[in-house]
Protein chains: 2
Amino acid sequence: MQKLFTAPLYVQIREEIFAALRSGRWSTNEPLPSETKLASEFSVSQGTIRKAIDDLVAQNILYRHQGRGTFIRRHDEQQSLFRFFNLAREDGSKPVPASVNIHCKTRKGLKHECSALGVATGERLIEILRLRHLDHQPMILETILVSQQRFPDLNKRDLPNTLYELYGDEYNIHITRAEEQVTAISADINVSGHLKVKAKTPLIEIRRIAFDLHDQPVELRISQCVTGPYVYACSLN
Amino acid sequence: MQKLFTAPLYVQIREEIFAALRSGRWSTNEPLPSETKLASEFSVSQGTIRKAIDDLVAQNILYRHQGRGTFIRRHDEQQSLFRFFNLAREDGSKPVPASVNIHCKTRKGLKHECSALGVATGERLIEILRLRHLDHQPMILETILVSQQRFPDLNKRDLPNTLYELYGDEYNIHITRAEEQVTAISADINVSGHLKVKAKTPLIEIRRIAFDLHDQPVELRISQCVTGPYVYACSLN
DNA sequence: TAGTGGTCTAGACCACGAC
DNA sequence: TCGTGGTCTAGACCACTAC
């Protein structure tokens, strides 16, 4: 006899709410229905809804504001600049990054790029190359790759400093998490020119894959950074 | 009229339990008193104790095991090798690090080292230098610094691969979190000899400060790592 | 003032582990 | 079988926000 497994109620409801979020049932600007309303909609107690929402808050997908309601996390200018930005000063404070676009074009994706983005090999990608300044010094050379099919006409837009805000507002693609891999590289002539350092200066290269609500890889971003005054900071728990 | 602020009950109780943990009231090998017992001890409902413990579990200080009880997190060989070890293969899998000690001595701490460890400038430190192998290749040269006063006779002991287990078992100093800063450096002659790479190869240098239950800095660890087959991996949420 | 999330309680039943 | 943590309920009161 096979053993049956039923997920706890709050897990089922968490997934139902999550699915509703992905389907765009609720607007980004209004609060979700209140906990008591959701409780009667799903015919469970308020405590169970609460636990389901707790999980989504812990995942950074929703946030609560006492007295106002529960809202969908949006990437807005202030937080987005820092939430996915791990470079800090040695004392732990974070500089405000500024961006200068160098080019934005479309091209066929290489095999490893397409596989990282989960699209068919050879699909057309949009490539954005930009230079980022910290405290007015060029510090990061950033190559951003996304599928042209997922982001039609992205290359024809004005690109803001915080791209994830644009992805959400214009394409309804919400970045929820990212994975980064850091390696040490040697600056080649091209890179060193942009970053105003000597050729062969050691740099860190950060390879980031950003994922959306469906946990699909959406963006591949490769950042080559000068370190020294700034460090790549990470907490372990 | 000054506004009075009373922390929620579960926060007060969380701090009381945390203080009891630090004072060593409960052994590392036995479960804590059950939630119902703690509830009657503190004269609150079981749900309130539950929320207090939830927080400590989220902080990785306790863990629960259904049917058995709630326990203090210990660094044991298996988990300790990975919990604070961020180097991974490109596919995300983690190699098992092995260690070879090169030397272990005591010396006066430099100013920046003592300040990182929160001890008086010039205090004697124990310095451990060791080489770590991943998949049988030398990949990391690690310098570990701790206060000799906090770890008497550490330099006379056999040093295991997982130091944090030793800190906990022998000195009752439990590492709960760490902060890491990654920079790019160029291998000098000495380092490149140990790591069997050419001089000036770009490396990543990881500067870690590890903290104990009292949130005091306890260990400064500087790791110089060859990257390429391995990467420094970090998730952003 | 009305509605929201935040805290707290008391009690029920379930699933797992030790004996 | 008994004790543990895990889930779920129903209802109370508090603190904050909007109106």
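Each chain gets a letter, A, B and so on, in the order its sequence line appears, and its residues count up from 1.
- Contact annotation: A/Arg68 does not reach the phosphate of D/dC16 (side-chain N/O to OP1 or OP2, under 4.0 Å).
- Considering only side-chain N and O atoms, A/Lys37 lies nowhere under 4.0 angstrom from the phosphate OP1 or OP2 of C/dG3.
- A residue-by-residue look at B/Thr36 and B/Gln46 shows that B/Thr36 has its nearest nucleotide of DNA chain D further toward the 5' end.
- Regarding A/Ile49, its CD1 atom lies at a distance of 15 Å from the C1' atom of C/dT4, rounded to whole Å.
- Taking 4.0 Å as the cut-off between side-chain N and carboxylate O, A/Arg207 and A/Glu179 do not count as a salt-bridged pair.
- Between B/Arg221 and B/Glu142 there is a salt bridge, since a side-chain N of the basic residue sits under 4.0 Å from a carboxylate O of the acidic one.
- Distances shown here put a side-chain N or O of A/His65 below 4.0 Å from the OP1 or OP2 atom of D/dT17.
- Per the geometry, CD belonging to B/Glu30 stands 20 Å off P belonging to C/dG17, to the nearest Å.
- Proximity note for B/Tyr10 (side chain, C-beta onward) versus C/dC8, D/dT7, D/dG5: the nearest is C/dC8.
- When each of D/dT7, C/dA15, C/dC8 is scored by its nearest atom to the side-chain atoms of B/Leu9, the top-ranked nucleotide is C/dC8.
- No salt bridge links A/Asp212 with A/Arg22; every basic N to acidic carboxylate O contact stays at or beyond 4.0 Å.
- The distance from atom CD1 of B/Ile126 to atom CD1 of B/Ile144, rounded to the nearest 0.5 Å, is 11.5 Å.
- Atom pair B/Leu32:CG and D/dG3:P shows a separation of 19 Å (rounding to whole Å applied).
- Minimum atom distance to the side chain of B/Ser45 is reached by C/dA10, of the listed C/dT4, D/dT9, C/dA10.
- Within the 4.0 Å cut-off from OP1 or OP2 of C/dT7, at least one side-chain nitrogen or oxygen of B/Lys51 is found.
- Note: CD (A/Gln12) to P (D/dG6) measures 19 Å, nearest angstrom.
- A straight line from CG of B/Asp55 to P of C/dC8 spans 11 Å, rounded to a whole angstrom.
- Distance CG (B/Leu38) to P (C/dT9): 14 Å, rounded to an integer number of Å.
- Contact check, B/Arg50 against D/dG6: a side-chain N or O comes under 4.0 Å of OP1 or OP2.
- In this structure, the CD atom of B/Gln66 is 15 Å from the C1' atom of D/dC2, given to the nearest Å.
- Results of the side-chain contact (heavy atoms from CB on, under 4.5 Å) test with A/Ile72 over A/Leu32, A/Asn29, A/Leu56, A/Ile61 single out A/Leu32 as the only residue that passes.
- In this model, the phosphate group of D/dT4 is approached by a side-chain N or O of B/Ser34 to a distance below 4.0 Å at OP1 or OP2.
- The side chain of A/Thr48 places an N or O atom within less than 4.0 Å of a non-bridging phosphate oxygen (OP1 or OP2) of D/dT9.
- Residue A/Thr70 places at least one side-chain N or O closer than 4.0 Å to OP1 or OP2 of C/dG5.
- One atom, CD of B/Glu35, and another, P of C/dA15, lie 18 Å apart when rounded to the nearest Å.
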